[in-house]
Chemist: 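For reference, the structure I am asking about is given below.
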Amino acid sequence: MLVYPSGLDLSSSHLRFLTARLRERRRAIGSRWRRLNAGRQALLALAHLRHGHPYAQLAAGFGIGTTTAYRYITEAVDVLAALAPSLAEAVRAASSKAFVLLDGTLLPTDRTAADRPFYSGKHKKHGMNVQILTDPAGRLLWASPALPAAIHDVRAAREHGIIDALAEAGIKCWADKGYRGAAGTVHVPIWGRREKLSAGQQAVNRSHAKIRALVEPAIAALKTWRLLRKLRCSTTRITPLVQAALTLHLTTTN
């Protein structure tokens with residue numbers, strides 16, 4: 001296999017943060033000699049998350065075996081995922097905000113047509129449903145565990161406890177029509193075909209859409225970790241990958 005040098009569009013703060021966490025992990029488990037030091041392991045994991053390169057390609061570039069690359073990356077991802085904020089922590093952070101924005105996004109996977117639970121009729125593709133909470137400026141606060149894409153947004157929000165948590169905290173939430181019937185403090189557009197709505201109702205929906213649109217940059221920011229644009233791993237590994245990306249995003253933006 002040919003090997004070539006490549007750049008990584010991340011700041012050194014990403015590398016320093018993950019390197020420090022991996023050093024703490026190695027001290028905690030009493031790890032001794034390894035093929036890669038903590039800094040090189042961190043760089044390996046960041047390259048995988050950012051670009052989604054296969055383990056075999058990364059292993060060749062770092063001069064290690066494919067199994068070793070898989071093990072090092074999995075360890076780094078789990079370390080990062082454990083640092084991601086919980087829903088309760090996100091709600092506490094949101095309690096000082098005027099409101100929050102809620103939306104769901106699809107993370108495409110390579111599931112086959114037989115895997116119906118992972119097929120999204122809305123998006124016409126297989127994937128996993130992840131719920132996103134942001135502040136009024138569209139800054140990412142929380143990303144949920146991944147659920148099969150066949151699960152509708154409002155059901156996913158209920159299963160994660162988002163609606164109840166926001167209602168208990170008295171936090172207003174703006175969401176799209178996919179959350180119709182959520183109740184609580186969740187505000188959705190007025191239901192109905194546009195031509196059948198009054199001028200006032202259309203104005204309300206336009207205002208609602210302008211506010212809710214601010215959630216899109218947060219979703220885009222999460223997907224700058226290109227691995228999440230086309231997942232080829234087991235579905236059981238997708239939640240840790242999402243949480244790892246969330247941790248890295250929050251660490252370098254807060």
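Residue numbers count from 1 along this sequence.
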Chemist: If I compare all heavy atoms of Ala56 with all of Thr66, which pair ends up nearest, and what's the gap?
Modeler: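 Of all heavy-atom pairs spanning Ala56 and Thr66, the closest is CA-OG1, 3.8 Å.
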Chemist: Report yes or no: does Thr224 contribute a side-chain atom to a donor-acceptor pair with the main-chain N or O of Ala221 at less than 3.5 Å?
Modeler: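 Indeed, once roles are kept as given, a pair shorter than 3.5 Å links the two residues.
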Chemist: Only counting residues at least two apart or in another chain, list the ones meeting side-chain hydrogen bond (donor to acceptor under 3.5 Å, both in side chains) with Arg158.
Modeler: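 side-chain hydrogen bond (donor to acceptor under 3.5 Å, both in side chains) check on Arg158 returns nothing, list empty.
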Chemist: For Arg226, what residues pass the salt bridge (Lys or Arg N to Asp or Glu O under 4.0 Å) criterion, not counting sequence neighbours?
Modeler: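 Once residues adjacent in sequence are excluded, the partners of Arg226 under the salt bridge (Lys or Arg N to Asp or Glu O under 4.0 Å) criterion are Asp9.
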Chemist: To the nearest 0.5 Å, how far apart are CG in Leu231 and CG in Leu107?
Modeler: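 Rounded to the nearest 0.5 Å, the CG-CG separation comes to 6.0 Å.
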Chemist: Within the 4.5 Å heavy-atom criterion, are Leu214 and Thr134 side-chain neighbours or not?
Modeler: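 SC-SC contact between Leu214 and Thr134 ruled out.
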Chemist: Once you round to the nearest 0.5 Å, how far does CZ of Arg139 lie from CG of Leu250?
Modeler: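 The CZ atom of Arg139 sits 11.5 Å away from the CG atom of Leu250.
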Chemist: Quick one: are Thr105 and Lys223 in side-chain contact, heavy atoms under 4.5 Å?
Modeler: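 Counting from C-beta outward, Thr105 and Lys223 do come under 4.5 Å.
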Chemist: Please find the pair of heavy atoms, one from Leu106 and one from Ser120, that lie closest to each other, and give the distance.
Modeler: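 Result for this residue pair: CD1-CB, 4.1 Å.
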Chemist: Report the distance from atom NE2 of His152 to atom CG of Leu147, rounding to the nearest 0.5 Å.
Modeler: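 If we round to the nearest 0.5 Å, His152:NE2 and Leu147:CG are 13.5 Å apart.
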Chemist: For the residue pair Ala245 and Leu222, what are the closest heavy atoms and their distance?
Modeler: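 Nearest heavy atoms, Ala245 then Leu222: CB-CD1, 4.1 Å.
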Chemist: Going only through I, L, V, M, F, W and Y residues with side-chain contacts under 4.5 Å, is there a path from Leu46 to Val79?
Modeler: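 Yes, Leu46 connects to Val79 through the hydrophobic network.
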Chemist: Sort and list the pairs that fulfil salt bridge (Lys or Arg N to Asp or Glu O under 4.0 Å) and have at least one residue in residues 36-49, not counting sequence neighbours.
Modeler: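 Sorted pair list comes back empty.
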Chemist: Would a 4.5 Å heavy-atom cut-off, applied to side chains only, mark Met128 and Thr109 as touching?
Modeler: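 Yes, side chains in contact.
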Chemist: Which heavy-atom pair separates Ile163 from Ala183 by the least distance, and what is that distance?
Modeler: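 Closest heavy-atom pair between Ile163 and Ala183: CG2-O, 4.2 Å.
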Chemist: I'd like to know if the side chain of Asn205 and the backbone of Ile190 have a donor-acceptor N/O pair within less than 3.5 Å.
Modeler: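 Yes, the answer is positive, given that a donor and an acceptor are paired below the 3.5 Å cut-off.
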Chemist: Is there side-chain contact between Leu8 and His14, with heavy atoms separated by less than 4.5 Å?
Modeler: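 No; the side chains remain at least 4.5 Å from each other.
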Chemist: How far does CZ of Arg194 sit from CD of Gln201, to the nearest 0.5 angstrom?
Modeler: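 If I round to the nearest 0.5 Å, the distance is 12.0 Å.
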Chemist: Are the charged groups of Asp153 and Arg180 less than 4.0 angstrom apart, N to O?
Modeler: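 No, no charged N to carboxylate O under 4.0 Å.
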Chemist: As an exercise, state the distance from CG of Leu44 to CD1 of Ile64, rounded to the nearest 0.5 Å.
Modeler: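 Here the interatomic distance stands at 5.0 Å.
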Chemist: Within a strict 4.5 Å, meaning less than it, do heavy atoms of the Trp142 and Leu102 side chains meet?
Modeler: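 No, too far: nothing below the 4.5 Å cut-off.
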Chemist: Name each donor-acceptor pair under 3.5 Å that joins a side chain in residues 80-91 to protein atoms two or more places apart or in another chain, with its distance.
Modeler:
unit_1	atom_1	unit_2	atom_2	d
Ser86	OG	Glu89	N	3.2
Glu89	OE1	Ser86	N	2.8

Chemist: Minimum heavy-atom separation for Ala45 to Ile73, with atom names?
Modeler: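 Scanning both residues, the minimum pair turns out to be CA-CG1, 4.2 Å.
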Chemist: Given the rule that I, L, V, M, F, W and Y join up when any side-chain heavy atoms are under 4.5 Å apart, are Phe99 and Val186 in one cluster?
Modeler: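 No, separate clusters.
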Chemist: Can Ile162 be reached from Ile132 by stepping across I, L, V, M, F, W or Y side chains whose heavy atoms are under 4.5 Å apart?
Modeler: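 As far as the 4.5 Å side-chain criterion goes, Ile162 and Ile132 are not connected within one cluster.
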Chemist: Going only through I, L, V, M, F, W and Y residues with side-chain contacts under 4.5 Å, is there a path from Leu241 to Leu10?
Modeler: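 Cluster IDs for Leu241 and Leu10 match.
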Chemist: Between Cys233 and Ile238, is any pair of side-chain heavy atoms under 4.5 Å apart?
Modeler: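 Yes, at least one pair of side-chain atoms sits under 4.5 Å.
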Chemist: What residues, two or more places apart in sequence or in another chain, satisfy ring-ring contact (aromatic ring centres under 6.0 Å, His included) together with Phe62?
Modeler: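 Not a single residue meets the ring-ring contact (aromatic ring centres under 6.0 Å, His included) criterion with Phe62.
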Chemist: Can you run down the side-chain hydrogen bond (donor to acceptor under 3.5 Å, both in side chains) pairs that involve residues 208-222, sequence neighbours left out, and say none if there aren't any?
Modeler: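 For residues 208-222, and leaving out neighbouring residues, the side-chain hydrogen bond (donor to acceptor under 3.5 Å, both in side chains) pairs sorted by first residue read Asp103-Arg212.
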Chemist: Distance check, rounded to the nearest 0.5 Å: Asp135 atom CG versus Leu101 atom CG?
Modeler: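 These two atoms lie 7.5 Å from each other.
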Chemist: Tell me every residue that passes side-chain hydrogen bond (donor to acceptor under 3.5 Å, both in side chains) with Ser13, counting only those two or more places apart in sequence or in another chain.
Modeler: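 Ser13: side-chain hydrogen bond (donor to acceptor under 3.5 Å, both in side chains) contacts with Ser11.
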Chemist: Write out all pairs satisfying side-chain hydrogen bond (donor to acceptor under 3.5 Å, both in side chains) with one or both partners inside residues 18-28, taking only residues at least two apart or from two chains.
Modeler: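 Residue pairs passing side-chain hydrogen bond (donor to acceptor under 3.5 Å, both in side chains), neighbours aside: Arg21-Glu24, Arg25-Glu75, Arg26-Gln41.
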Chemist: Return the set of residues passing side-chain hydrogen bond (donor to acceptor under 3.5 Å, both in side chains) with Arg32 (not counting sequence neighbours), or none when no residue passes.
Modeler: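 Listed in chain order: nothing, the list is empty.
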Chemist: Are the side chain of Ser96 and the backbone N or O of Ala93 linked by a donor-acceptor pair below 3.5 Å?
Modeler: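 It does hold such a pair.
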Chemist: Is it true that Val130 and Val154 fall in one hydrophobic cluster, defined by side-chain heavy atoms closer than 4.5 Å?
Modeler: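 Val130 and Val154: separate clusters.
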Chemist: Determine yes or no for a side-chain-to-main-chain donor-acceptor pair under 3.5 angstrom, with Thr247 supplying the side chain and Gln243 the backbone.
Modeler: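 Side chain of Thr247 to backbone of Gln243: a pair is present.
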Chemist: Just jot down the ring-ring contact (aromatic ring centres under 6.0 Å, His included) partners of His53, sequence neighbours excluded, or say none.
Modeler: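 Expected list: His51.
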Chemist: Please name all residues satisfying side-chain hydrogen bond (donor to acceptor under 3.5 Å, both in side chains) with Arg229, sequence neighbours left out, ordered by chain then number.
Modeler: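 Result, side-chain hydrogen bond (donor to acceptor under 3.5 Å, both in side chains) vs Arg229: none returned.
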Chemist: Shortest non-hydrogen contact from Arg34 to Tyr72?
Modeler: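 Answer, listing the atom of Arg34 first, then Tyr72: CB-OH, 3.3 Å.
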Chemist: Taking distance alone, no hydrogens or angles, what donor-acceptor pairs closer than 3.5 Å link side-chain atoms of residues 168-179 to residues at least two apart or in another chain?
Modeler:
unit_1	atom_1	unit_2	atom_2	d
Asp176	OD1	Gly178	N	2.9
Tyr179	OH	Gly104	N	3.1
Tyr179	OH	Gln131	OE1	2.4

